[in-house]
Amino acid sequence: MIDYEILKIIWWLLVGILMLGFAIMDGHDMGVGTLLPFVARKDEERRVLLNSVGPHWDGNQVWFITAGGALFAAWPLVYATAFSGFYFAMMAVLWAMFFRPVGFDYRSKIEDPRWRTTWDWGIFAGSAIPSLLFGVALGNVLQGVPFSYDDTMMMRYTGSFWALLNPFALLAGVVSLSMIIAHGANYLLMRTEGVIQARARRASQIAVIVMLAGFAVGGLWVGSLPGYVITSSLDPAALLSPLDKEVALQTGALLNNFRAHPVLWLIPALGFLGGLASLLFASLRRNVCAFIATGVAELGIIFTAGVALFPFVLPSSSHFASSLTLWDGVSSHRTLNIMFWVAIIMTPIIISYTSWAYRVMRGKVTVEHIRANEHSVY
């Protein structure tokens, strides 16, 4: 059996990888859904966009479901606390996402412009709202969430939905939304042509500029934000309670890991380099490279947040000692070990099947194709 301390770190990495997989795979079809009313202006053009992601969007939900399942299995306290504290935000995400499957399945059933336009905006909402709120949630996690545990480990949340919409969290939401839009636009560069591709190229460039500007401002902002540090000793190899530690608030603590290990500055650098590379490749018509570049940017941005928080996973702003870390918010040694081997077996299968599906469905989707397949699903 793998050492407990090592397993805790492995699962911190695995959860991050699953979130990255969700951002890359489900992110590009959510980006396409967000761009649907703007990049495509005629019904045939909108069907081009829908058919470009139609064969894959539901399969990409595997990353979202797997990330949620991994969070539940590996970090049950984090799962319970986050879903309780962010209850209304999670419900908003859930209700918005309802529009995606229904919109995809029912939009083209009736040849009525009003019917189809309504579902187009439904798909937009089901794509844009979750993309925004995921970033808002991460922005709040970086600042700390007002929850606490009593001696019996009963959790109490003292925040509100509207308190989540604070300036820093909204900035994080803008970064998240623009990142997803840029990735979706670059996907369209690979799958479309003509006027749709030209509009997608423009959308990609605007979204990347917003993403880079927001990421830069956020990076400067976190230097003045209070962060959390563990001030007591703990045994990472033991099964710990969150209340078995002391935590203090320290201005600029979100940059402590970068200061202690300068090599970690390469991670946010990937966010900037990926964005700049996307701008370059999109202008040079290197569409596949542009898509890869936004994937690299997503890696840099997501793992920058993870490194800034490390070892915290869900810090508490109202009762510091209740903060959850990767050392004390995890499942038992046996559970982590079993789930590790499940992940080792299943993740390559998911990646292999997804790669095969994209290879089979590769190629351009054109207006001519839509006209020749008038009765296709999308």
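Here the structure is a predicted model, which is why all the values come from computation and not from measurement.
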Practice problem: Apply the test salt bridge (Lys or Arg N to Asp or Glu O under 4.0 Å) to residues Arg156 and Asp150: give CA-CA distance (whole Å), side-chain angles for both, the deciding distance (0.1 Å), then the verdict. | Solution: CA-CA 8 Å; Arg156 181 186 180 192; Asp150 61 21; over 6 Å; no
Quiz item: Given Leu14 and Ile10, is the side-chain contact (heavy atoms from CB on, under 4.5 Å) satisfied, shown in steps?
Solution: CA-CA 6 Å; Leu14 283 176; Ile10 288 174; 3.8 Å; yes
Quiz prompt | Stepwise side-chain contact (heavy atoms from CB on, under 4.5 Å) test for Leu18 and Trp63 | solution = CA-CA 6 Å; Leu18 289 171; Trp63 291 95; 4.0 Å; yes
Exercise. May I have the step-by-step check of salt bridge (Lys or Arg N to Asp or Glu O under 4.0 Å) for Asp43 and Arg107, ending in yes or no?
Key: CA-CA 11 Å; Asp43 182 65; Arg107 184 226 181 245; 2.7 Å; yes
Quiz item: How far apart are the C-alpha atoms of Leu77 and Met153, what are their side-chain angles, what is the distance that settles it, and do they pass the side-chain contact (heavy atoms from CB on, under 4.5 Å) test?
Solution: CA-CA 10 Å; Leu77 282 177; Met153 291 304 295; 4.2 Å; yes
Exercise. List the steps, then state whether side-chain contact (heavy atoms from CB on, under 4.5 Å) holds for Leu212 with Phe272.
Key: CA-CA 6 Å; Leu212 290 175; Phe272 288 107; 3.9 Å; yes
Quiz prompt | side-chain hydrogen bond (donor to acceptor under 3.5 Å, both in side chains) between Thr294 and His183, worked out | solution = CA-CA 6 Å; Thr294 45; His183 199 49; 2.7 Å; yes
Quiz item: Can you check side-chain hydrogen bond (donor to acceptor under 3.5 Å, both in side chains) on Thr335 and Ser332, steps first, answer last?
Solution: CA-CA 5 Å; Thr335 299; Ser332 68; 3.0 Å; yes
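In the model, Arg201 has no side-chain atom that pairs as donor or acceptor with a side-chain atom of Asn186 under 3.5 Å. Arg334 and Asn337 share no donor-acceptor pair across their side chains, judged by distance under 3.5 Å alone. For the residue pair Thr81/Tyr157, the side-chain donor-acceptor check at 3.5 Å is not satisfied.
Annotation: Trp115, atom CH2; neighbour count of heavy atoms from other residues, nucleotides and ligands within 6.0 Å is above 12. Other residues, nucleotides and ligands place no more than 12 heavy atoms under 6.0 Å from the CZ atom of Phe88. For NZ of Lys364, the number of neighbouring non-hydrogen atoms (other residues, nucleotides, ligands) closer than 6.0 Å is greater than 12. Around atom CZ of Phe134, more than 12 heavy atoms belonging to other residues, nucleotides or ligands sit under 6.0 Å away. A 6.0 Å sphere centred on CZ of Phe38 holds more than 12 heavy atoms belonging to other residues, nucleotides or ligands. Other residues, nucleotides and ligands contribute only 12 or fewer heavy atoms inside 6.0 Å of the CZ atom of Arg202. Atom OH of Tyr358 has more than 12 heavy atoms from other residues, nucleotides or ligands within 6.0 Å.
With sequence neighbours excluded, no residue forms a side chain to side chain donor-acceptor pair (under 3.5 Å) with Glu5.
Of all heavy-atom pairs between Asn140 and Ala169, the closest is ND2-CB, 3.3 Å. In this structure, Leu164 and Ala89 approach most closely via the heavy-atom pair CD1-CB, 4.1 Å. Contact between Leu188 and Thr192 at its shortest, heavy atoms only, is O-OG1, 2.6 Å.
Of the possible donor and acceptor atoms, none in the side chain of Tyr106 sits under 3.5 Å from a partner among the backbone N and O of Pro101. For Arg285 (side chain) and Ser283 (main-chain N/O), a donor-acceptor pair under 3.5 Å exists by modelled atom type. Panel note: side chain Thr231, backbone Glu246; a donor-acceptor pair is recorded below 3.5 Å. No side-chain donor-acceptor contact under 3.5 Å links Asp328 to the backbone of Leu324. Looking at Ser316, its side chain never comes within 3.5 Å of a backbone N or O of Ser322 through a donor-acceptor pair. Side chain of Lys245 to main chain of Ser323: a donor-acceptor pair is present (N/O by atom type, distance under 3.5 Å, no hydrogens or angles). The backbone N or O of Pro348 sits less than 3.5 Å from a side-chain atom of Ser352, completing a donor-acceptor pair. For the pair Trp11 (side chain) and Leu336 (backbone), a donor-acceptor distance under 3.5 Å is present. Of the possible donor and acceptor atoms, none in the side chain of Ser331 sits under 3.5 Å from a partner among the backbone N and O of Trp75. Under the 3.5 Å distance criterion, the side-chain polar atoms of Arg100 are left unmatched by any main-chain donor or acceptor of Ile123.
At least one side-chain heavy atom of His56 sits under 4.5 Å from a side-chain heavy atom of Tyr187. Residues Leu243 and His319 are in side-chain contact: their nearest non-hydrogen atoms beyond the backbone lie under 4.5 Å apart. Leu314 places a side-chain heavy atom less than 4.5 Å from the side chain of Phe147. Side-chain contact check for Phe281 versus Asn287: every heavy-atom pair is 4.5 Å or farther apart. Inter-residue side-chain proximity for Leu309 and Val141 is flagged as met; some heavy-atom pair is nearer than 4.5 Å.
Between Trp12 and Phe310, the distance separating the two ring centers is shorter than 6.0 angstrom. Two rings, from Tyr87 and Phe83, have their centers 6.0 Å or more apart.
Using a 30° and 60° split on the angle between ring planes, Trp221 and Phe168 fall in the perpendicular class, above 60°. Taking the six-membered ring where tryptophan is involved, the planes of Trp95 and Phe98 are perpendicular, since the angle between them exceeds 60° and thus also 30°. Using the six-membered ring where Trp is involved, His333 and Tyr4 have ring planes that are parallel, under 30° apart on the 30 and 60° scheme.
Phe86 and Val93 fall within the same hydrophobic cluster, where Ile, Leu, Val, Met, Phe, Trp and Tyr residues are linked whenever their side-chain heavy atoms come under 4.5 Å apart, directly or through other members. Taking hydrophobic clusters as Ile, Leu, Val, Met, Phe, Trp and Tyr residues chained together by side-chain heavy-atom distances below 4.5 Å, Phe124 does not share a cluster with Met97. Under the 4.5 Å side-chain heavy-atom criterion for Ile, Leu, Val, Met, Phe, Trp and Tyr, Val53 and Val102 are members of distinct hydrophobic clusters. In this structure, Met339 is a member of the same hydrophobic cluster as Phe64, with clusters built from ILVMFWY side-chain heavy atoms closer than 4.5 Å. Residue Ile344 is grouped with residue Leu71 when hydrophobic side chains (ILVMFWY) are merged at heavy-atom distances under 4.5 angstrom, including chains of intermediate members.
Taken from CG in Asp244 to OG in Ser232, the straight-line distance is 8.5 Å, to the nearest 0.5 Å. Ser127 OG to Asp26 CG: the interatomic distance, rounded to the nearest 0.5 Å, is 8.5 Å. Rounding to the nearest 0.5 angstrom, the gap separating the CE atom in Met30 from the CD1 atom in Ile129 is 10.0 Å. Here the straight-line distance linking atom CG of Asn256 with atom CD of Gln250 works out to 5.0 Å at 0.5 Å rounding. Atom CH2 of residue Trp57 and atom CG of residue Leu50 lie 11.0 Å apart, to the nearest 0.5 angstrom. To the nearest 0.5 Å, the span separating CD1 on Ile301 from CG on Leu20 amounts to 11.0 Å.
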